[in-house]
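See structure below.
These numbers were taken from a predicted model, which means no experiment stands behind them.
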Amino acid sequence: MEIGIDSFASAMYGDNNTLSSVDAMEQLLQRIEFADQVGLDVFGIGEHHKKEFLDSATAVILSAAAARTKNIRLTSAVTVLSAADPVRVYQSFATLDLISKGRTEIVVGRGSAIEAYPLFGYDLRDYDALFKEKLELLLQIRDNEFVTWQGKFRPVLNDLPVYPRALQEKMPIWLGVGGTPESFIRAGSLGLPLMVAVIGGQTHRFKPLVDLYREAGKAAGYKPEELKIGLHSPGYIGTTTEKAIEEYYPGYAELWTKLGYERGWPPVTKGKFDGLIDDLGVLIVGSPERAAEKILRHSEALGGVDRFTFQMDNAGLTHKQLMSAIELIGTKLIPLIKKG
């Protein structure tokens, strides 16, 4: 199993959230560089268009990281494809693939945050139709140097080449999903690797959806080993489980209560948090030993997971704390996962 981190390039780190955007970006790049040095497999950058996040130009951040790293794979987490031009998405990530010497991946999705749609002039009523059409085009561009294509939301392409070409012959494109059954089926039918974002509740409850993915892939003629599954969940690693909870909970409660206000969720309580960090809960918060045990349990519950990525952006966690967590993941947790 591969282990990595996804970041939303939060600008909220530091005492009293006073860190400048310049310093926040530099610290993020330092964390990616350090993750590479201690042996993490992958680092992803999200896409948001809000004041508190610095990740609106994902490929630019990853390109800066590519110049400072050697082995770690670099991916979006996720690219809001519905509100983007697939030609430019491919060109940006193909360029990143050249800079990184073949370490680039893309996770595409419709986006749970919707601010990109009005910003780029798209109608939310076309939420799914936009994604379906643009995914089709992106895959065609990846697989063909010259493209002939016609759709509803973009001008026609008539035997036009798209450059540069990625170094990887088939640059990985994952489908990022939440809880919509049709999204799992779509990924399986296309034989695309699946990245499941589980941010609340109990992870094992996603097994029926993962089964839909595998069944759709099998029906489309793909072998089981071709149907890769990734799991993305919030979490944090400390030297002990008690210390991890002490450092993580206050910021988690603050951030997710704020998100809940925006999206209609109830406020976070300590009781609810305790349920999320128990054996079946989604949060991977604890010591390396506790976290490894829980990740392996989640993998077994879903029928096998090929990649797990932590989402550690959290109000109140400092750069020093995040660097410590990255070190513990690389030096303690990953060896435990490999040992099984």
Side-chain angles (χ1 to χ4, degrees), residues 4 6-9 42-49 55-63 73-97 100 103-117 119-120 122 124 126-144 147 149 151-154 162 166 168 170-199 209 213 216-217 226-232 306-307 309 311:
D6 293 329
S7 171
F8 297 162
V42 60
F43 206 108
I45 299 292
E47 179 190 337
H48 297 81
H49 303 270
D55 59 351
S56 64
T58 308
V60 177
I61 298 174
L62 292 173
S63 293
R73 295 194 67 78
L74 302 168
T75 182
S76 59
V78 304
T79 294
V80 184
L81 185 61
S82 303
D85 179 354
V87 174
R88 291 300 285 159
V89 169
Y90 178 82
Q91 290 175 325
S92 296
F93 283 89
T95 302
L96 171 61
D97 201 45
S100 67
R103 293 184 282 127
T104 297
E105 302 183 3
I106 314 174
V107 180
V108 297
R110 296 178 297 182
S112 59
I114 58 174
E115 70 274 2
Y117 289 81
L119 184 62
F120 295 109
Y122 292 102
L124 272 171
D126 298 321
Y127 185 74
D128 191 62
L130 279 163
F131 183 74
K132 183 179 179 181
E133 180 177 300
K134 293 189 177 192
L135 177 61
E136 177 186 308
L137 177 54
L138 179 62
L139 293 173
Q140 190 171 336
I141 293 169
R142 180 196 62 178
D143 297 338
N144 301 276
V147 178
W149 182 87
K152 178 181 177 182
F153 300 105
R154 194 199 183 283
V162 179
Q168 297 173 91
K170 200 162 187 174
M171 182 168 58
I173 296 176
W174 297 62
L175 196 61
V177 299
T180 307
E182 291 77 13
S183 297
F184 287 78
I185 294 169
R186 176 185 289 145
S189 299
L190 294 170
L192 296 177
L194 182 78
M195 179 55 71
V196 188
V198 184
I199 60 174
L209 294 171
Y213 166 70
E226 294 179 282
L227 301 172
K228 294 179 66 176
I229 296 172
L231 177 62
H232 158 105
D306 300 284
R307 174 180 292 180
T309 57
Q311 205 297 91

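The line from CG of Asp6 to OG1 of Thr75 is 7.5 Å long, rounded to the nearest 0.5 Å. Between the CG atom in Asp97 and the OG atom in Ser63 there is a gap of 10.5 Å [rounded to 0.5 Å]. To the nearest 0.5 Å, atoms OG (Ser76) and CG (Asp55) are separated by 10.5 Å. Rounded to the nearest 0.5 angstrom, Leu194 CG and Asp306 CG are separated by 10.0 Å. Rounded to the nearest 0.5 Å, atoms OG (Ser56) and CD (Glu47) are 7.5 Å apart. Atom CE of Met195 sits about 14.0 Å away from atom CD1 of Ile106, to the nearest 0.5 Å.
For Asp128, the salt bridge (charged side-chain N to carboxylate O under 4.0 Å, His left out) partners two or more places apart in sequence, or in a different chain, are Arg110, Arg186. Residues passing the salt bridge (charged side-chain N to carboxylate O under 4.0 Å, His left out) test with Arg307 are Glu2, Glu105, sequence neighbours excluded.
Looking only at side-chain heavy atoms (C-beta outward), Leu137 and Val147 come within less than 4.5 Å of each other. Side-chain contact between Val78 and Trp174: absent, with no pair of heavy atoms (C-beta onward) separated by less than 4.5 Å. The side-chain heavy atoms of Val177 and Tyr213, taken from C-beta on, include no pair separated by under 4.5 Å. Contact annotation: the side chain of Tyr117 never approaches that of Asp126 to less than 4.5 Å [non-hydrogen atoms, C-beta and beyond]. Contact annotation: the side chain of Leu209 never approaches that of Val196 to less than 4.5 Å [non-hydrogen atoms, C-beta and beyond]. For the pair Val198 and Leu231, the minimum side-chain heavy-atom distance is below 4.5 Å.
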Checklist entry - For Val108 and Phe131, what are the C-alpha separation, side-chain angles and deciding distance, and is it a side-chain contact (heavy atoms from CB on, under 4.5 Å)? => result CA-CA 9 Å; Val108 297; Phe131 183 74; 4.0 Å; yes

Checklist entry - When you look at Tyr127 and Ser82, which way does the side-chain contact (heavy atoms from CB on, under 4.5 Å) test go after all the steps? => result CA-CA 7 Å; Tyr127 185 74; Ser82 303; 5.6 Å; no

Next on the checklist: Applying side-chain contact (heavy atoms from CB on, under 4.5 Å) to Ile141 and Val87, what does each step give before you reach the verdict?
Outcome noted: CA-CA 7 Å; Ile141 293 169; Val87 174; 3.7 Å; yes

Checklist entry - Please walk me through it: do Thr104 and Leu62 pass side-chain contact (heavy atoms from CB on, under 4.5 Å)? => result CA-CA 9 Å; Thr104 297; Leu62 292 173; over 6 Å; no

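Residue Ala166 comes nearest to Ala94 through the heavy atom pair N-CB, 3.7 Å, listed as atom of the first residue, atom of the second, then distance. For Leu227 against Gly188, the heavy-atom pair with the smallest separation is CD2-O, 4.4 Å. Scanning all heavy atoms of the two residues, the minimum distance from Ser183 to Leu175 falls at O-CD2, 3.6 Å. Contact between Ala84 and Val89 at its shortest, heavy atoms only, is CB-CG2, 3.7 Å. Between Glu115 and His48, the closest heavy-atom pair is OE2-CA, 3.4 Å.
Checked by atom type and distance alone, the side chain of Tyr90 never pairs as donor or acceptor with a backbone atom of Leu139 at under 3.5 Å. Under a 3.5 Å cut-off, the side chain of Ser7 and the backbone N or O of Ile45 do not form any donor-acceptor pair. Formation of a donor-acceptor pair under 3.5 Å by the Arg103 side chain with backbone atoms of Ser100 is found in this model. Using modelled atom types, one side-chain atom of Glu133 and one backbone atom of Lys152 make a donor-acceptor pair closer than 3.5 Å. Thr79 contributes no side-chain N or O that, together with a main-chain N or O of Leu81, makes up a donor-acceptor pair within less than 3.5 Å. The closest donor-acceptor contact from the side chain of Arg142 to the backbone of Met171 lies under 3.5 Å.
Note: His49 and Phe120 have perpendicular aromatic rings, judged against thresholds of 30 and 60 degrees for the angle between ring planes.
Here Phe153 and Tyr122 keep their ring centres 6.0 angstrom or further from each other.
By the 6.0 Å contact criterion, CD1 on Ile114 is open, its count of non-hydrogen atoms from other residues, nucleotides or ligands being 12 or less.
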